[in-house]
Visitor: 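One structure is given below, represented as structure tokens, and several questions about it will come after.
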Amino acid sequence: MTSKQPVTVAEIRKTFLDFFASKGHTVVDSSPLVPGNDPTLMFTNSGMVQFKDVFLGTDKRPYVRAASVQACLRAGGKHNDLENVGYTARHHTFFEMLGNWSFGDYFKRESLKWGWELLTEVYGLPRDKLLATVYHEDDEAYDIWTREIGLPPERVIRIGDNKGGKYKSDNFWMMADTGPCGPCSEIFYDHGEGIPGGPPGSPDEDGDRFIEIWNHVFMQFDMQPDGSVVRLPAPCVDTGMGLERLAAILQHVHSNYEIDIFEKLIAAAARETGTKDLANPSLRVIADHVRATAFLVSDGVIPSNEGRGYVQRRIVRRGIRHGYKLGKKTPFFHKLVPDLVALMGAAYPRLQAEGKRIAEVLKAEEERFFETLENGMEILDAAIGSDDTSDVPALPGHDVASPRVLPGEVAFKLHDTYGFPLDLTQDVCRERGVTVDVAGFNAAMEKQKAAGRAAGKFKMDRALEYTGAGHPFTGYERLEEPARVAALYRDGTPVQQLAEGEQGVVVLDTTPFYAESGGQVGDSGVLTAEGVQFGVEDTQKIKADVYGHHGSMAQGTLKVGDAVTARVDVARRQATMRNHSVTHLMHKALREVLGSHVQQKGSLVDADKTRFDFTHNVPVTDEQVREIEKRVNAEILENHATQARVMDIESAKATGAVMLFGEKYGDSVRVLDIGSSRELCGGTHVQRTGDIGLFKIVAEGGVAAGIRRVEAVTGANALAYLQQVESTVQSAAAALKTPAAELQARIGQVLDQVRSLEKEVAQLKGKLASSQGDELVAQAVDVKGIKVLAATLQGADAKTLRDTMDKLKDKLKTAAIVLAAVDGGKVQIAAGVTADRMATVKAGELVNFVAQQVGGKGGGKPDLAMAGGTDASKLAGALQSVQAWVAERA
């Protein structure tokens with residue numbers, strides 16, 4: 001391979017992997033964009049993410065050398081390139097990173113020499129176009145570059161601690177504040193004197209002339225809490241090279257958006273938007289964003305209003321907005337998916353396999369957004385002006401704070417009322433030279449959240465003032481516990497006692513009552529003492545370790561300091577536990593049957609049912625429901641023991657336990673094994689899977705775009721449900737006088753009979769109306785050469801009215817006709833005009849004239865039109881007025 005012959009992105013990928021395979025590396029597939037081993041990281045943003053546990057020492061692979069081409073995304077948190085995408089040469093949301101790793105095997109010498117060999121001898125880059133940086137104290141790397149590889153000393157730049165403090169340097173890499181760290185050496189490519197910018201370390205280093213293409217990180221130290229470093233016993237290598245940047249160099253172009261893969265995606269975007277100018281930045285935005293969103297969908301991220309789904313929605317809608325900016329007012333974005341699959345499907349088989357589903361998800365999001373986009377754009381245009389930024393007109397009800405600042409309240413109204421995201425508002429404003437008052441937006445958002453919290457179901461708990469110590473929860477082991485009253489509240493105010501008949505909240509110094517958390521409802525039960533009984537209706541958290549027992553005094557008086565027996569409602573708790581435990585089994589079965597894209601989006605577990613929301617963009621079929629039920633019930637029959645273990649978060653990650661993104665986990669977590677399911681969960685559960693009894697899904701449906709919901713029952717509730725279904729079947733069989741086993745066939749027979757009878761009735765109505773029509777011919781009145789007929793047809797439906805209308809036109813030749821029928825007080829009207837008179841008398845206008853008199857309106861074609869009305873009492877008068885209406889126009 002030489003630099004004289006442009007190569008494709010696909011060839012660059014293959015060459016990289018083949019090269020490192022020849023050096024003894026194991027080629028590892030790209031991991032998903034959703035990290036599987038780090039719930040604190042929103043997206044995979046570098047190639048080393050899937051090896052993080054190896055570097056931390058919590059995982060060991062069967063190989064010590066690895067190479068991969070990793071799909072990466074940077075569109076949130078500190079790695080947020082979204083607003084720059086499309087306007088610079090090298091910013092992307094989605095990109096591919098070429099990387100090679102050594103886990104305690106080779107180190108700096110091999111890493112740098114192989115890097116140089118690949119770039120200069122295999123890819124054929126000119127040696128005089130390359131330069132390198134090293135950490136200013138890393139003499140070893142400097143000597144390898146200058147003495148062994150032969151790079152001139154003036155092209156090896158030492159970078160000092162340029163970020164304030166020891167080891168605070170662009171060329172010193174740290175995984176976190178403490179832990180593995182070390183110097184790095186970056187390789188830069190010089191795009192030439194015609195491009196502005198200076199070499200790394202210079203005041204002009206941010207220019208585009210010298211571009212970093214490959215970073216070699218040498219993890220050789222362990223950073224201590226005091227800022228000192230200790231050498232690691234087995235140093236590691238972690239490298240990363242941007243595929244798009246390398247491709248731009250090898251294909252002799254300056255911008256990443258000129259490489260082959262983007263040329264084709266930009267052409268596809270131009271095709272779908274009808275854009276002729278291929279240099280338009282909006283086409284680059286669309287091309288970048290379809291890559292990011294398609295890969296996210298393939299990895300299970302569905303557009304939503306929270307977490308990863310919210311970032312996905314932002315990217316999709318930004319791409320759509322740029323299509324709208326190009327004049328495309330109908331869904332187009334999803335049509336680029338086949339082009340993307342053709343370009344990248346071979347390298348990423350999951351993308352190819354999921355292509356159809358990806359297009360469906362993006363299409364649904366497009367249709368959803370296009371409903372609000374035009375309205376939002378009109379309001380935003382009115383608020384900031386189209387292209388004139390000298391003034392920002394006010395949105396009705398709002399004052400403009402500054403000629404070049406869009407008020408935060410306006411931005412929030414666009415977001416809250418019209419579904420127009422803040423980042424899109426900022427994007428549009430940026431193009432017009434207008435800034436957005438983000439602080440004002442955030443204030444309006446917080447004000448709404450505060451109002452929502454104030455109106456919440458359990459607002460009293462949040463207002464309760466409790467300063468005492470936390471108390472232990474014993475409800476995993478026991479459902480009855482002696483306790484002492486630590487605090488009492490009535491109407492949210494601390495009190496010393498609760499009297500009979502009063503409602504309030506009781507805080508105990510210890511409790512077996514589970515407080516609502518993780519989707520599981522709070523326990524109910526009683527607190528008793530001699531002559532005293534407090535009925536607990538619900539249990540809610542006041543603080544993380546302080547539970548409030550809500551209820552009312554059924555007997556006696558309860559005082560602070562009193563000793564009581566806290567007794568949980570056993571039957572309700574057990575029913576709730578069955579439903580909670582089966583939720584874990586169902587979650588696993590959903591992922592197995594529907595796909596790994598399934599992610600929990602909410603749940604509610606009580607004594608009656610389990611309700612589970614999850615990401616999935618199409619209805620779950622009956623066959624899939626049966627398969628899910630089959631798998632869950634098989635786990636129940638295995639009767640495995642349930643195991644709960646409390647451990648630190650890092651150990652929990654190492655077990656492979658499912659962690660829900662967006663959940664906040666402490667240093668210590670509870671890992672729950674139920675059957676073959678392993679998740680983090682603090683809820684209460686059955687001792688063995690067999691305790692669940694029977695599992696049955698009773699409902700499935702959509703609750704939002706890309707979100708489905710299933711409801712299921714267990715145990716006695718499942719039995720009651722099946723018995724009710726059986727009773728319904730038996731009743732239906734009895735009504736149809738057939739055995740239950742033959743009910744389906746009998747229903748088919750009855751439906752066939754009904755359809756046959758309906759056909760006969762329609763034929764009879766037609767004959768009746770036809771006979772009425774023959775009689776009506778004589779009632780037609782000549783009005784200025786037009787036969788005018790306005791009459792009622794008894795028992796006619798819409799089809800009969802139309803058929804009769806056609807027959808009357810044929811018989812009357814030149815005519816204007818109105819026919820009406822009444823059914824249950826509602827009026828159906830048909831108006832017809834023969835072709836020779838449609839120039840002056842139009843059926844659409846005539847039917848509307850009649851319909852308005854009977855409480856309706858309508859319209860249609862000049863020759864035949866239909867309408868309806870709600871006031872049959874005025875029909876006779878309306879029909880009588882037809883002659884005069886026609887006379888005015890004849």
Side-chain angles (χ1 to χ4, degrees), residues 453 456-492 494 498 503-528 534-553 558 560 564-581 583-584 600 602-611 644 646 660 662-666 668-672 679-686:
R453 287 193 294 267
K457 177 181 178 183
F458 302 116
K459 62 182 179 181
M460 184 168 64
D461 293 66
R462 299 187 180 94
L464 296 182
E465 297 179 2
Y466 182 84
T467 58
H471 57 246
F473 168 64
T474 63
Y476 292 135
E477 301 84 16
R478 296 180 293 279
L479 296 183
E480 184 174 322
E481 185 82 6
R484 194 168 295 275
V485 177
L488 293 170
Y489 300 87
R490 183 176 59 242
D491 297 328
L498 287 175
Q503 293 183 330
V505 179
V506 181
V507 177
L508 303 174
D509 64 348
T510 183
T511 182
F513 284 77
Y514 181 82
E516 181 171 329
S517 181
Q520 179 178 332
V521 298
D523 278 334
S524 61
V526 293
L527 308 179
T528 60
F534 178 86
V536 179
E537 299 167 7
D538 193 11
T539 308
Q540 295 291 323
K541 289 184 178 180
I542 296 173
K543 295 181 179 179
D545 56 355
V546 178
Y547 294 2
H549 304 77
H550 294 245
S552 57
M553 289 300 304
L558 190 62
V560 174
V564 296
T565 297
R567 186 178 300 112
V568 174
D569 183 332
V570 176
R572 185 172 182 270
R573 164 73 86 82
Q574 288 179 340
T576 303
M577 290 195 304
R578 285 193 289 268
N579 289 332
H580 197 168
S581 295
T583 302
H584 286 246
Q600 180 177 340
S603 67
L604 174 64
V605 178
D606 57 27
D608 298 324
K609 65 185 178 305
T610 174
R611 190 181 75 196
V646 177
L660 302 182
E663 288 287 327
K664 293 182 179 180
Y665 298 112
S668 181
V669 295
R670 190 165 180 257
V671 178
L672 193 73
E679 295 188 32
L680 298 194
C681 183
T684 62
H685 292 275
V686 298

Visitor: For residues 565-577, which residue pairs pass the salt bridge (Lys or Arg N to Asp or Glu O under 4.0 Å) check, not counting sequence neighbours?
Guide: Glu480-Arg567, Asp523-Arg573
Visitor: Where is the tightest heavy-atom contact between Tyr489 and Leu498, given as atom of each residue plus distance?
Guide: O-CD2, 4.0 Å
Visitor: In terms of the angle between their ring planes, are Tyr476 and Phe473 parallel, tilted or perpendicular, with boundaries placed at 30° and 60°?
Guide: perpendicular
Visitor: With Thr511, which residues qualify under side chain to side chain donor-acceptor pair (under 3.5 Å), at least two apart?
Guide: His549
Visitor: Quick one, Leu680 and Leu672 - any side-chain contact, counting heavy atoms below 4.5 Å?
Guide: no
Visitor: Considering non-hydrogen atoms only, spot the tightest contact between His580 and Gly683 and give its length.
Guide: CE1-CA, 3.7 Å
Visitor: Take Gln540 and Val505 through the side chain to side chain contact (heavy atoms under 4.5 Å, CB included) test and state the conclusion after the steps.
Guide: CA-CA 10 Å; Gln540 295 291 323; Val505 179; over 6 Å; no
Visitor: Kindly give the heavy-atom pair with the smallest separation between Ala486 and Tyr466, and that separation in Å.
Guide: CB-OH, 4.0 Å
Visitor: With sequence neighbours excluded, what pairs up with Ser581 under the side-chain contact (heavy atoms from CB on, under 4.5 Å) test?
Guide: Ile674, His685, Val686, Ile692
Visitor: Can you sort out the partners of Thr474 under side-chain contact (heavy atoms from CB on, under 4.5 Å), two or more places apart, ordered by chain and number?
Guide: Glu477, Arg478, Glu481, Thr510, Pro512
Visitor: Let me see the working for Val521 and Val605 under side chain to side chain contact (heavy atoms under 4.5 Å, CB included), right down to the final yes or no.
Guide: CA-CA 6 Å; Val521 298; Val605 178; over 6 Å; no
Visitor: To the closest 0.5 Å, what do you measure between CG (Leu604) and CZ (Arg611)?
Guide: 4.5 Å
Visitor: Which residues pass the salt bridge (Lys or Arg N to Asp or Glu O under 4.0 Å) test with Asp606, not counting sequence neighbours?
Guide: Lys609
Visitor: Can you give me the closest heavy-atom contact between Arg490 and Gln503, atom names plus distance?
Guide: CG-O, 3.7 Å
Visitor: Can you list the residues that meet the salt bridge (Lys or Arg N to Asp or Glu O under 4.0 Å) rule with Arg670, with sequence neighbours excluded?
Guide: none
Visitor: Do you know the tightest heavy-atom contact between Pro472 and Asp509?
Guide: CD-O, 3.3 Å
Visitor: If you take all heavy atoms of Ala566 and Phe513, which pair is closest and at what distance?
Guide: CB-CE1, 3.8 Å
Visitor: Mind checking side chain to side chain donor-acceptor pair (under 3.5 Å) for Thr684 and listing every partner two or more places apart, or none if nothing turns up?
Guide: Gln520
Visitor: List the steps, then state whether side chain to side chain contact (heavy atoms under 4.5 Å, CB included) holds for Leu508 with Leu527.
Guide: CA-CA 10 Å; Leu508 303 174; Leu527 308 179; 3.9 Å; yes
Visitor: Check side-chain contact (heavy atoms from CB on, under 4.5 Å) between Ala515 and all other residues, then give those that pass, not counting sequence neighbours.
Guide: Thr539, Lys541, Tyr547
